2 protein chains.
Amino acid sequence: MAGRKKNSTYTRNEQYIIDCDLTYAVSRIGGRWKILILDKLDGKKQRFSGLKHELPQITERMLTLQLKALEQDGLVKRTVYAEVPPRVEYELTEMAMELVPIFKQLSRWGGKQRSLVNFIR
Amino acid sequence: MAGRKKNSTYTRNEQYIIDCDLTYAVSRIGGRWKILILDKLDGKKQRFSGLKHELPQITERMLTLQLKALEQDGLVKRTVYAEVPPRVEYELTEMAMELVPIFKQLSRWGGKQRSLVNFIR
DNA sequence: TATGGTACGAACAAATTTGTAAGTAATGGC
DNA sequence: GCCATTACTTACAAATTTGTTCGTACCATA
């Protein structure tokens, strides 16, 4: 998000796309890791290290970036405890919890679509 | 999709992510244009030029690429008529139509989330 | 004094996605 | 013959996203 060209077609088209509530929504949860992070937070608070543990493939940098974006979008709440070593807890907001049932349906669709495509090929 | 490094972390992580039905689903409809295209096809067949007209910002190249991907994923059916100049019609498949109600919910969520975030800032 | 754990930050590099600008085949009408 | 139309294709360039590697502050504990 930082250091973006302000008038490239690329950026102008992004604006255009975000006009639509649907594509706007997808842009908030898109990218490689966000949905997985939200999923790991479903039902339980987690520390940074806990998330890292549940998502072995993600790098710390990516985890940081995505958590920060999710927080800015009001999907994740971050709580810092003044301890040493530091402790930070992440949890879903109300807004994010409303996504859960939608994700369930999308997931079902994904399973169905995957087997269909595998069948065709 | 063509010309991908086969063993970069980038690609391995993609595999990892696609294990999950949910993130798999999102990967099928992700990207900048796919959802908008599916939306424009909801309820009516469209020609290539028709889609281009409804999405003034998309380039022909992108439209071609996305339609091809959607076709390969079984979300769009392509019909070619042997005429000159050529006529090609696109329409949603059953599988894609099942996304419509999910999209409706996501869209509602998007609207709500957008106003919430705007309110906070 | 040296060490270790936590949650990051910064500089840089790799890989992918998206956009630009041109060109193609086929053929009916002029 | 020449041009216009449609649905693409191709080579190239710009922009973003993702990954790699190192480094930091804090202090309790050894």
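In what follows, chains are A, B, ... by sequence order, proteins preceding strands, each numbered from 1. Keep in mind the model is a prediction, meaning the values are calculated, not measured. All values below come from the heavy atoms of this structure, side chains included, with hydrogens, waters and symmetry mates left out.
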Strictly below 4.0 Å: does [X] bring a side-chain N or O up to OP1 or OP2 of [N]?
X: A:Arg78; N: C:dC8; value: yes
X: A:Ser49; N: C:dA7; value: yes
X: B:Arg32; N: C:dG19; value: yes
X: B:Arg87; N: D:dC8; value: no
X: B:Lys68; N: D:dT9; value: yes
X: A:Thr11; N: D:dT16; value: yes

Could you check which of [options] has an atom nearest any side-chain atom of [X]?
X: A:Trp33; options: C:dC8, D:dC27, D:dG19; result: D:dG19
X: A:Ser8; options: D:dA15, C:dC8, D:dG19; result: D:dA15
X: B:Asn13; options: D:dG19, C:dT27, D:dA7; result: D:dG19
X: B:Glu60; options: D:dT16, D:dC8, C:dC8; result: D:dC8
X: B:Pro85; options: D:dA7, C:dT6, D:dT6; result: D:dT6
X: A:Pro86; options: D:dT9, C:dT6, C:dC8; result: C:dT6

Return the value, rounded to whole Å, for the distance between atom [atom1] of [X] and atom [atom2] of [N].
X: A:Glu83; N: C:dG5; atom1: CD; atom2: P; result: 17 Å
X: A:Phe48; N: C:dG5; atom1: CZ; atom2: P; result: 16 Å
X: A:Arg47; N: C:dA7; atom1: CZ; atom2: P; result: 4 Å
X: A:Ile17; N: C:dG19; atom1: CD1; atom2: C1'; result: 12 Å
X: A:Leu63; N: C:dA7; atom1: CG; atom2: P; result: 10 Å
X: B:Gln66; N: D:dA7; atom1: CD; atom2: P; result: 18 Å
X: B:Leu70; N: D:dC8; atom1: CG; atom2: P; result: 13 Å
X: B:Leu55; N: C:dG19; atom1: CG; atom2: P; result: 12 Å

Quiz item: What closest approach, in Å, do A:Leu22 and B:Phe103 show between heavy atoms, and which atom pair accounts for it?
Solution: CD1-O, 3.6 Å
Self-check item: Shortest non-hydrogen separation from A:Met95 to B:Trp109 and the atoms involved
Solution: O-NE1, 2.9 Å
Quiz item: Does the side chain of A:Glu71 pick up a donor-acceptor pair with the side chain of A:Tyr90 at under 3.5 Å?
Solution: no
Quiz item: With a cut-off of 6.0 Å (strictly less than), are more than 12 heavy atoms of other residues, nucleotides or ligands near NZ of A:Lys77?
Solution: no
Would you classify [X] as touching base, sugar-phosphate or nothing, given that sugar-phosphate means primed atoms plus P, OP1 and OP2, and contacts are heavy atoms under 4.0 Å?
X: A:Thr9; answer: sugar-phosphate
X: A:Arg61; answer: base
X: B:Tyr90; answer: sugar-phosphate

Exercise. Using the rule that two of Ile, Leu, Val, Met, Phe, Trp, Tyr join whenever any of their side-chain heavy atoms come within less than 4.5 Å, decide whether B:Phe48 and B:Val80 are in one cluster.
Key: yes
Exercise. Between A:Met62 and A:Val84, name the one whose nearest nucleotide on DNA chain D is closer to the 5' end.
Key: A:Met62
Quiz prompt | Charged tip of B:Arg32 within 45° of A:Tyr10 ring normal and under 6.0 Å | solution = yes
